[in-house]
Number of protein chains: 4
Amino acid sequence: MAGTINKVILIGHLGDEVKMHYFEGGNSIGRFPLATNETYTSRQTGERITNVEWHNIVVRNKLAEICEKYLTKGDRVYCEGRIKTRQYEVDGQKRYATEIQVQDMTFLSTKKDPNNTSSSEAATQNNSIPPTSIAKEEDDDLPF
Amino acid sequence: MAGTINKVILIGHLGDEVKMHYFEGGNSIGRFPLATNETYTSRQTGERITNVEWHNIVVRNKLAEICEKYLTKGDRVYCEGRIKTRQYEVDGQKRYATEIQVQDMTFLSTKKDPNNTSSSEAATQNNSIPPTSIAKEEDDDLPF
Amino acid sequence: MAGTINKVILIGHLGDEVKMHYFEGGNSIGRFPLATNETYTSRQTGERITNVEWHNIVVRNKLAEICEKYLTKGDRVYCEGRIKTRQYEVDGQKRYATEIQVQDMTFLSTKKDPNNTSSSEAATQNNSIPPTSIAKEEDDDLPF
Amino acid sequence: MAGTINKVILIGHLGDEVKMHYFEGGNSIGRFPLATNETYTSRQTGERITNVEWHNIVVRNKLAEICEKYLTKGDRVYCEGRIKTRQYEVDGQKRYATEIQVQDMTFLSTKKDPNNTSSSEAATQNNSIPPTSIAKEEDDDLPF
DNA sequence: TTTT
DNA sequence: TTTT
């Protein structure tokens with residue numbers, strides 16, 4: 001009943017801002033769409049075709065708050081998590097929504113950093129350093 | 001236009017047989033459900049809870065045919081691929097179905113091998129050796 | 001200063017028993033060799049060639065103790081961790097030893113389980129269930 | 001004898017230029033060091049400590065040539081490959097050198113692109129587009 | 001619905 | 001030997 005692995009690794013760009021939802025009791029959840037692209041050459045026409053894949057990213061609690069604080073539309077991130085398909089009903093019919101529950105994230109660009117112009121590399125050379133790697137342990141100090 | 005990654009790694013058990021579909025022109029597709037389990041301890045009751053996650057696995061052409069030949073319900077496999085959400089309409093309403101398009105697979109148990117009793121390790125010691133690792137290159141020889 | 005990833009995923013077989021070392025203060029470390037195989041067809045002779053790759057696995061504290069208790073030579077495991085190359089000197093010359101520091105592990109077969117005959121699947125159907133998935137959180141309860 | 005996985009995923013920065021070596025017969029190999037960083041808080045002093053890990057990246061043939069053409073010291077890349085430890089002898093003593101044989105790579109920044117100022121995003125808006133994702137198939141067209 |  |  002175990003001995004299984006459910007792991008997702010994504011590098012993509014935020015298609016929108018992080019949307020937060022706060023629960024009673026102090027828990028919180030953040031959601032944002034992440035785009036990955038697949039490019040290939042058409043066998044028929046020979047032209048380059050790009051398919052966009054949209055992933056529903058879900059983050060929780062401290063990681064959610066760090067995402068909301070530092071990430072914005074267009075930023076690039078590395079995400080590691082698991083696939084989770086939720087089931088719900090509409091008019092008595094089953095529907096499915098697949099999310100990526102992310103536990104670990106690394107920022108590959110952070111436009112929200114005020115002193116930063118275009119890349120996370122630049123950001124590390126000034127005093128306002130956003131966290132670039134976010135660990136799984138929720139009780140840790142902020143990685144500054 | 002790229003610089004993105006969409007990667008899924010799963011280890012799980014087949015929930016059903018591989019269902020094949022053959023296209024005109026020689027292409028084929030195989031589908032099967034794969035179960036992964038997540039076990040955790042409830043904070044309320046302290047009991048162990050297991051959630052099952054079902055993944056819609058899609059394989060193509062030679063890999064599909066190897067899967068159909070060697071895999072059966074209950075077998076354990078390692079899968080590597082990408083997430084793909086297809087959109088379709090029902091009564092004018094958008095629906096989404098998420099699949100895992102698998103390119104690489106490793107068999108961790110293969111009940112269909114006739115000389116095999118319980119594990120793929122045993123299978124490698126006789127003459128009827130199923131492939132245990134299936135490469136991405138479709139034009140390769142079978143890995144026997 | 002960050003924004004980097006160092007991740008290793010291995011599925012292989014233990015080449016020897018887990019060797020434990022206990023430190024003063026209660027910490028412990030376990031080490032064992034893990035074999036992965038790469039099989040390919042020789043372009044010259046056309047015969048199948050198998051290369052064995054040996055990985056120096058290092059586990060710590062609770063995970064080390066679970067490994068020692070349940071794993072034995074020949075068992076198959078899934079390991080997730082990071083690469084770490086240690087530097088040392090012999091006769092004033094630098095030497096390097098590369099280890100895989102494993103944080104997450106899933107047992108894919110466990111011969112040490114007394115009620116088990118050949119695979120972890122069988123093991124889950126009786127009362128003596130070894131842990132098959134070991135989480136990163138050291139403070140967690142044992143996953144029974 | 002199989003059913004194993006040997007997979008490495010790295011995101012890091014080039015510590016030096018790509019060094020090429022060409023073989024008779026047309027094959028080529030490229031090598032470069034890649035740095036990943038691990039940052040943690042010391043339990044003793046409470047200060048942030050960064051450890052650098054250096055990986056010996058090895059790429060072959062077309063991928064090697066693309067790396068040499070587009071990558072330079074300091075660039076950030078995503079690498080996917082396998083661990084390979086080579087054995088050699090010095091004065092009759094065995095020595096080991098661990099490499100990462102990389103088959104797939106994604107460029108996360110490319111300073112060598114002449115029209116590019118600081119990031120790969122900018123690069124995609126002009127006519128001199130470096131490849132950002134490099135597939136495994138050696139016989140493919142260049143991903144332009 | 002959307003990123004680069 | 002080195003990157004950010």
Chemist: How long is the line joining CD1 of A/Ile49 and C1' of E/dT4, in whole Å?
Modeler: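 Computing the A/Ile49:CD1 to E/dT4:C1' distance gives 18 Å.
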Chemist: Taking CG from D/Leu108 and C1' from F/dT3, how many angstroms apart are they, rounded to a whole number?
Modeler: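 Whole-Å distance recorded here is 14 Å.
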Chemist: Using the salt bridge (Lys or Arg N to Asp or Glu O under 4.0 Å) criterion, which residues pair with D/Glu80? Sequence neighbours excluded.
Modeler: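 So D/Glu80 forms a salt bridge (Lys or Arg N to Asp or Glu O under 4.0 Å) with B/Lys7, D/Lys7.
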Chemist: Crowded around C/Asn51 CG? As in, over 12 foreign heavy atoms under 6.0 Å?
Modeler: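 Enclosed.
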Chemist: Check the distance between E/dT3's P and A/Phe107's CZ and give it to me in whole angstrom.
Modeler: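 Answer to the nearest Å: 20 Å.
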Chemist: Could you summarise the pairing of DNA chain F as dot-bracket text, marking Watson-Crick and G-U pairs under 3.5 Å with ( ) or [ ] inside the strand and | across strands?
Modeler: ....
Chemist: Please report the distance, rounded to the nearest Å, between CG in D/Asn56 and C1' in F/dT3.
Modeler: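 That distance rounds to 14 Å.
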Chemist: Nearest whole Å is fine: how far is E/dT2 P from A/Leu34 CG?
Modeler: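 One finds 16 Å between P of E/dT2 and CG of A/Leu34, rounded.
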Chemist: Taking only the side-chain heavy atoms of A/Trp54 (C-beta and beyond), determine which of F/dT3, E/dT2, F/dT1 contains the nearest atom.
Modeler: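 My answer, after comparing the listed nucleotides, is E/dT2.
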Chemist: Once you round it to whole Å, what is the distance between C1' of E/dT4 and CD1 of A/Ile11?
Modeler: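 Value for this atom pair: 13 Å.
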Chemist: Going by the rule side chain to side chain donor-acceptor pair (under 3.5 Å), which residues pair with A/Gln44 if we only count those two or more places apart in sequence or in a different chain?
Modeler: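 For A/Gln44, no residue satisfies side chain to side chain donor-acceptor pair (under 3.5 Å) once neighbours in sequence are set aside.
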Chemist: Would you kindly give the CG-to-C1' distance between A/Leu10 and E/dT2, to the nearest whole Å?
Modeler: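 From A/Leu10 CG to E/dT2 C1': 16 Å.
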Chemist: Answer whether the closest heavy-atom distance between the side chains of A/Arg76 and A/Ile11 falls below 4.5 Å.
Modeler: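 With C-beta onward as the side chain, the pair touches.
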Chemist: Starting the side chain at C-beta, find the nucleotide from E/dT3, F/dT1, E/dT2 nearest to A/Pro33.
Modeler: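 The answer is E/dT2.
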Chemist: Nearest whole angstrom, please: distance from the C1' of E/dT3 to the CG of A/Leu71.
Modeler: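 To the nearest whole Å, that distance equals 13 Å.
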Chemist: Side chain to side chain donor-acceptor pair (under 3.5 Å) with D/Thr45: which residues, sequence neighbours excluded?
Modeler: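 Side chain to side chain donor-acceptor pair (under 3.5 Å) check on D/Thr45 returns D/Ser42, D/Glu47.
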Chemist: Under 3.5 Å, sequence neighbours excluded: what are the donor-acceptor pairs made by side chains of residues 17-29 of chain D?
Modeler:
{"residue": "D/Glu17", "atom": "OE1", "partner": "D/Thr72", "partner atom": "OG1", "Å": "2.9"}
{"residue": "D/Glu17", "atom": "OE2", "partner": "D/Thr72", "partner atom": "OG1", "Å": "2.9"}
{"residue": "D/Glu17", "atom": "OE2", "partner": "D/Lys73", "partner atom": "N", "Å": "3.3"}
{"residue": "D/Lys19", "atom": "NZ", "partner": "D/Asp16", "partner atom": "OD2", "Å": "3.2"}
{"residue": "D/Ser28", "atom": "OG", "partner": "D/Glu65", "partner atom": "OE2", "Å": "3.2"}

Chemist: Side chains of residues 83-90 of chain C: which donor-acceptor partners sit under 3.5 Å, not counting sequence neighbours?
Modeler:
{"residue": "C/Thr85", "atom": "OG1", "partner": "C/Thr98", "partner atom": "OG1", "Å": "2.9"}
{"residue": "C/Arg86", "atom": "NE", "partner": "C/Glu99", "partner atom": "OE2", "Å": "2.7"}
{"residue": "C/Arg86", "atom": "NH2", "partner": "C/Glu99", "partner atom": "OE2", "Å": "3.1"}

Chemist: Where the side chain of A/Asp16 is defined as all heavy atoms beyond and including C-beta, which of F/dT1, E/dT1, F/dT4 is the nearest nucleotide?
Modeler: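 Comparing F/dT1, E/dT1, F/dT4 against the side chain of A/Asp16, the answer is E/dT1.
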Chemist: Taking the minimum atom-to-atom distance to the side chain of D/Lys73, which one of F/dT1, F/dT3, E/dT3 wins?
Modeler: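 The answer is F/dT3, which lies nearest to the side chain.
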